[in-house]
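Written below as structure tokens is the structure these notes are about.
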Amino acid sequence: MLCWAVLAVGVGLLVRLPGPATLDPDEHAAVLYLDRLVAGERLEEPLLSAPKPLLTVVHGLAWRAGHDWRLLEAVTVAAFALAVVCLARAAGRLGGLPAAAATVLAVAGSGPLVLQAARGNSMVFALAGWSVALDALTRGTAREQDGPGPAWGLAAAALLVAGLARAESWLLLPLAAAYGLVAWRRGDRRAAWLLLPLAAPLLWLAHDWLLTGDPLYAVRVPGRYTDLVSGRQVVPPADWLALVARRYAADPLLLALAAAGVVWLLRRRAWLWLAALGATGVGVLALLGLQAWQGTYVSWRYYDPADVALRLAAALGAAALASWVAGRLGRGSGAAGPLAVLLVGLACWPLAPGDPLVGSTLDRDTRLSANTATAISVLAPVAAEPGSVVTVSGPQRLRAAVELGLPLERVRDLFLATLVTPLDRALPGSAAVFHDADGDRPPERFAPLSTTVPTRVGPVELIPLRTDPEQGLYVHRVTGPGG
């Protein structure tokens with residue numbers, strides 16, 4: 001518990017809590033989804049945020065508890081700390097203190113994972129579920145031969161949670177069920193609990209049906225986003241393999257340590273570890289390759305499960321190598337821990353606290369969040385006017401709808417509104433517009449909105465309500481036809 005608390009506080013400070021929350025649109029959408037489900041209403045229109053049932057509940061309830069977006073971020077940071085601690089415990093059972101320490105550095109030091117935690121993303125909750133399940137299933141094994149044995153019920157609950165957070169988790173479910181059946185046939189009847197997580201896909205389909213009337217709604221979102229925003233770019237399997245090879249070839253030390261870790265796991269017959277790393281590593285990459293072959297957009301964040309698997313294998317490999325070197329030098333296990341940490345630190349460099357990409361991303365996300373909070377306070381009197389429509393910076397549309405208490409038809413997405421329609425034809429009908437110069441891309445499309453004086457854009461006139469060019473914030477009253 002102490003390790004978890006210390007880690008949660010450390011990561012929280014790293015992502016700049018209790019500063020402005022840096023959540024993604026998917027997390028704002030989760031709050032909207034719970035609102036609609038509780039009200040017994042269907043979602044008004046298809047969105048570009050795929051629903052995740054777990055986030056609907058967790059983030060929706062966190063928002064209702066305090067109407068503060070930082071609560072959602074804090075819950076995610078706590079889940080991330082839980083994932084790190086559970087992975088370290090499971091690794092420690094297998095490889096002792098060196099493996100536990102190397103695992104903490106490899107996972108908690110990952111810049112992309114820290115950013116996922118800062119943004120409240122579902123990947124963190126899936127990772128927490130996987131980690132708790134692995135920790136639960138490895139109890140009473142390896143160094144804990146006299147322990148109480150696997151916690152089957154806890155593992156099943158954790159995998160069910162993970163299966164409701166990310167669809168990639170479904171790759172683990174049949175493996176876990178098969179493992180449970182084997183243990184059940186050997187006489188451990190409690191192992192049958194591992195069949196329970198197989199219900200996750202069905203619960204997900206039910207969630208989407210209640211929300212939209214389409215049980216496959218979330219499955220269709222990536223294709224809809226691809227067709228509407230990014231455009232289809234088919235990547236044949238051979239090209240995909242080459243792309244993946246180039247991505248990971250840039251980290252030869254990490255690859256070498258991961259290979260050593262896999263060999264070490266094979267020699268230890270750590271089948272649970274190998275199955276988990278294989279599903280979240282090779283399995284996820286194969287799934288992404290299939291999507292790329294269909295031309296579906298693949299975000300760099302989708303690699304995170306495979307990256308975590310690689311880092312975990314490398315941590316175990318570093319621990320095994322460090323223990324071997326310390327033994328050969330006659331230094332004992334005391335020297336193995338620092339050496340394993342050193343190897344992982346070199347392989348995973350730069351680590352999150354010193355990663356310039358983490359710092360710059362948090363700078364930008366914090367600025368965007370603060371701008372949105374200011375814009376919403378300025379837009380509130382306009383939104384209170386009966387029937388008024390506001391147009392807001394695309395990534396902040398759902399947050400604005402939640403905070404202003406408006407239905408989606410009264411909050412337009414500035415990006416989507418101008419996707420096929422020129423700006424001067426997209427603004428009529430709006431009472432006000434919020435533009436963030438850093439959040440709305442491409443900048444040339446929205447350049448007329450970056451003004452601090454009354455400006456005419458086609459048939460409407462923009463009257464500045466709040467502008468801050470230094471922060472890229474522009475909120476205008478729209479007057480003219482329909483404004």
Side-chain angles (χ1 to χ4, degrees), residues 1 4-39 47 49-85 108 113-129 131-132 158 161-162 164-166 207 211 301 352 358 361-377 379-380 392 395-406 411 439:
M1 179 63 75
W4 169 80
V6 170
L7 192 57
V9 170
V11 175
L13 293 175
L14 178 60
V15 300
R16 304 178 186 179
L17 283 175
T22 54
L23 302 175
D24 270 350
D26 282 9
E27 284 56 62
H28 301 139
V31 175
L32 188 74
Y33 296 151
L34 184 65
D35 284 347
R36 298 301 183 266
L37 288 171
V38 170
L47 300 178
S49 296
K52 286 92 176 175
L54 181 72
L55 293 197
T56 299
V57 175
V58 173
H59 283 339
L61 292 179
W63 171 257
R64 285 173 171 252
H67 288 79
D68 188 330
W69 298 111
R70 292 174 297 181
L71 285 176
L72 284 66
E73 187 174 352
V75 169
T76 313
V77 167
F80 180 58
L82 176 64
V84 174
V85 169
L113 284 182
V114 167
L115 289 176
Q116 292 269 33
R119 290 168 166 170
N121 289 159
S122 57
M123 170 60 195
V124 173
F125 293 95
L127 178 62
S131 305
V132 171
V161 164
L164 296 175
R166 296 288 301 183
H207 169 273
L211 180 65
R301 292 189 300 183
V358 172
T361 301
L362 289 174
D363 286 341
R364 179 177 183 269
D365 289 353
T366 300
R367 183 172 61 253
L368 294 177
S369 180
N371 280 354
T372 303
T374 301
I376 288 174
S377 66
L379 290 172
V392 302
Q396 309 300 334
R397 181 200 183 196
L398 301 180
R399 174 178 174 178
V402 170
E403 292 198 44
L404 293 173
L406 295 178
V411 184

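Along the sequence shown, the residues carry numbers beginning at 1.
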When you measure from the side chain of Ser369 to the backbone N and O of Ala21, does any donor-acceptor pair fall under 3.5 Å? yes
Is a donor on one side and an acceptor on the other found under 3.5 Å between the side chain of Thr361 and the backbone of Val358? no
Minimum heavy-atom separation for Ala108 to Leu7, with atom names? CB-CD1, 4.3 Å
With a 4.5 Å cut-off on side-chain heavy atoms, are Leu362 and Leu115 touching? yes
Within the 4.5 Å heavy-atom criterion, are Val402 and Leu398 side-chain neighbours or not? no
Before accepting this row, confirm whether a basic side-chain N of the pair Asp363/Arg16 lies closer than 4.0 Å to the acidic partner's carboxylate O. yes
Please check this pair: side chain of Thr22 against backbone of Thr366, looking for a donor-acceptor N/O pair closer than 3.5 Å. no
Is any side-chain heavy atom of Leu34 closer than 4.5 Å to one of Arg64? yes
Checking Leu164 against Val57 for the side chain to side chain contact (heavy atoms under 4.5 Å, CB included) test, could you report, in this order, the C-alpha distance in whole Å, the side-chain angles of both residues, the deciding distance, and whether it holds? CA-CA 10 Å; Leu164 296 175; Val57 175; over 6 Å; no
Side-chain contact, heavy-atom cut-off 4.5 Å: Leu23 with Thr76? no
I want to check something: taking the side chain as every heavy atom from C-beta on, are Val392 and Leu379 in contact at a cut-off of under 4.5 Å? yes
Start with the C-alpha distance between Leu71 and Trp63, add both sets of side-chain angles, then the distance that settles side chain to side chain contact (heavy atoms under 4.5 Å, CB included), and finish with yes or no. CA-CA 7 Å; Leu71 285 176; Trp63 171 257; over 6 Å; no
Considering all heavy atoms, the nearest Ala62-Leu72 contact: CB-CD1, 3.8 Å
With sequence neighbours excluded, what pairs up with Phe125 under the ring pair (Phe, Tyr, Trp, His ring centres under 6.0 Å) test? His59
Going through the distances and angles, do Arg399 and Ile376 end up as a side chain to side chain contact (heavy atoms under 4.5 Å, CB included)? CA-CA 9 Å; Arg399 174 178 174 178; Ile376 288 174; 4.1 Å; yes
Are any side-chain N or O atoms of Arg397 and backbone N or O atoms of Val411, one a donor and one an acceptor, separated by less than 3.5 Å? yes
Are Leu32 and Leu47 close enough, and set up right, to give a side chain to side chain contact (heavy atoms under 4.5 Å, CB included), and what steps lead you there? CA-CA 11 Å; Leu32 188 74; Leu47 300 178; 4.1 Å; yes
Main-chain N/O of Ala78 paired to Trp4 side chain as donor or acceptor, under 3.5 Å: yes
With sequence neighbours excluded, residues passing salt bridge (charged side-chain N to carboxylate O under 4.0 Å, His left out) with Asp24: Arg119, Arg301
I want to check something: taking the side chain as every heavy atom from C-beta on, are Val75 and Val58 in contact at a cut-off of under 4.5 Å? yes
Would you confirm whether the ring centroid of His28 sits within less than 6.0 angstrom of the ring centroid of Trp69? yes
Can you find a heavy atom in the side chain of Leu211 that is under 4.5 Å from one in the side chain of Pro51? yes
